[in-house]
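Following: one structure in structure tokens, then a few remarks.
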Amino acid sequence: NQYTSKTITENYKKILISITPIIPHFSSECLKLIGEEKNLKWPEFDLALLEEEFINVVIQINGKKRGIIKAKKNIKIEEIIEKVKNEKNIMKYLSDTNIKKQIYVPNRLINIII
């Protein structure tokens, strides 16, 4: 299959170009073997493909880590609080208490002071 062979060669070329700073002689020789030693460009990438839709948010009660929940990126504090209140292992810390303060570091952690 010619299409598959071309794709494999292109991916092999990208790998060789990427390892050039680490092992230049090896990658240079391999690029010569496939006839690609001239006009080399660093492979392009798409930053949008690297971003995660969901993140892990650390839950702290009075500064002590009590759990981690998975949430959408850039979630609002109100939504995080609702998720925290619905977590079984966190409910025992929040039952029969009033929340005095909430410290939310976006996309990282929530600290609930009781």
Side-chain angles (χ1 to χ4, degrees):
N1 188 337
Q2 185 179 11
Y3 177 74
T4 305
S5 176
K6 184 177 180 181
T7 304
I8 291 171
T9 305
E10 282 299 312
N11 289 333
Y12 182 58
K13 177 182 166 185
K14 289 176 186 177
I15 292 168
L16 290 173
I17 292 171
S18 298
I19 65 171
T20 297
I22 300 166
I23 42 179
H25 301 330
F26 174 76
S27 62
S28 174
E29 292 298 320
C30 291
L31 285 166
K32 283 181 187 176
L33 289 173
I34 61 171
E36 296 288 340
E37 66 265 3
K38 296 179 185 173
N39 300 324
L40 300 176
K41 292 183 185 177
W42 196 257
E44 295 184 18
F45 58 93
D46 186 3
L47 284 175
L49 296 174
L50 298 175
E51 291 188 21
E52 296 285 332
E53 182 179 350
F54 290 94
I55 55 166
N56 290 326
V57 178
V58 175
I59 304 169
Q60 292 181 341
I61 306 293
N62 291 335
K64 293 183 180 178
K65 181 180 171 184
R66 301 296 183 186
I68 297 175
I69 58 172
K70 192 174 232 40
K72 284 191 173 187
K73 194 171 187 178
N74 299 322
I75 191 169
K76 294 181 179 158
I77 189 167
E78 295 83 18
E79 296 172 20
I80 285 281
I81 294 295
E82 285 303 313
K83 279 185 163 266
V84 168
K85 287 181 179 178
N86 293 330
E87 284 290 313
K88 288 182 181 177
N89 59 344
I90 304 298
M91 289 172 68
K92 64 184 176 186
Y93 298 107
L94 297 178
S95 64
D96 302 329
T97 60
N98 292 329
I99 297 175
K100 293 180 183 177
K101 189 175 182 181
Q102 305 158 358
I103 302 167
Y104 178 55
V105 179
N107 300 324
R108 299 228 184 243
L109 70 88
I110 178 130
N111 188 2
I112 300 173
I113 310 296
I114 54 175

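Each residue takes its place number in the sequence, starting with 1.
- Taking the side chain as every heavy atom from C-beta outward, L40 and L16 never approach each other to under 4.5 Å.
- To the nearest 0.5 angstrom, I80 atom CD1 is 6.5 Å from I110 atom CD1.
- The hydrophobic clustering, which links ILVMFWY residues whose side-chain heavy atoms are closer than 4.5 Å, places I22 and Y12 together.
- At least one side-chain heavy atom of I75 sits under 4.5 Å from a side-chain heavy atom of Y104.
- Considering NZ of K92 and CG of N89, their distance stands at 6.5 Å, rounded to 0.5 Å.
- Looking only at side-chain heavy atoms (C-beta outward), I81 and I112 come within less than 4.5 Å of each other.
- E79 CD to K83 NZ: the interatomic distance, rounded to the nearest 0.5 Å, is 9.0 Å.
- Side-chain contact between L31 and K13 is present, with heavy atoms from C-beta onward closer than 4.5 Å.
- More than 12 heavy atoms of other residues, nucleotides or ligands shown are found within 6.0 angstrom of CZ on F54.
- Within the 4.5 Å cutoff, the side chain of V84 has no heavy atoms near those of the E87 side chain.
- Side-chain contact between E53 and K72 is present, with at least one heavy-atom pair separated by less than 4.5 Å.
- At a threshold of 4.5 Å between side-chain heavy atoms, the hydrophobic network of Ile, Leu, Val, Met, Phe, Trp and Tyr places I103 and V57 in two separate groups.
- The two residues L109 and Q60 have their closest heavy-atom pair at CD1-OE1, 3.9 Å.
- For the pair K65 and I68, the tightest heavy-atom approach, listed with the atom from each and the gap, is NZ-CD1, 3.7 Å.
- Nearest heavy-atom pair across I17 and W42 is O-CZ3, 3.4 Å.
- For the pair N62/I113, a side-chain contact is recorded, criterion being any heavy-atom separation below 4.5 Å from C-beta on.
- Between R66 and L94 there is no side-chain heavy-atom pair separated by less than 4.5 Å.
- Between the side chain of S28 and the main chain of H25, no donor-acceptor pair closer than 3.5 Å is present.
- One finds the CD1 atom of I15 at 11.0 Å from the SG atom of C30 (value rounded to the nearest 0.5 Å).
- Note that the CD1 atom of I59 and the CD1 atom of I69 stand 4.5 Å from one another [nearest 0.5 Å].
- Counting only distance, with no hydrogens or angles, the side chain of N107 and the backbone of K73 share no donor-acceptor pair below 3.5 Å.
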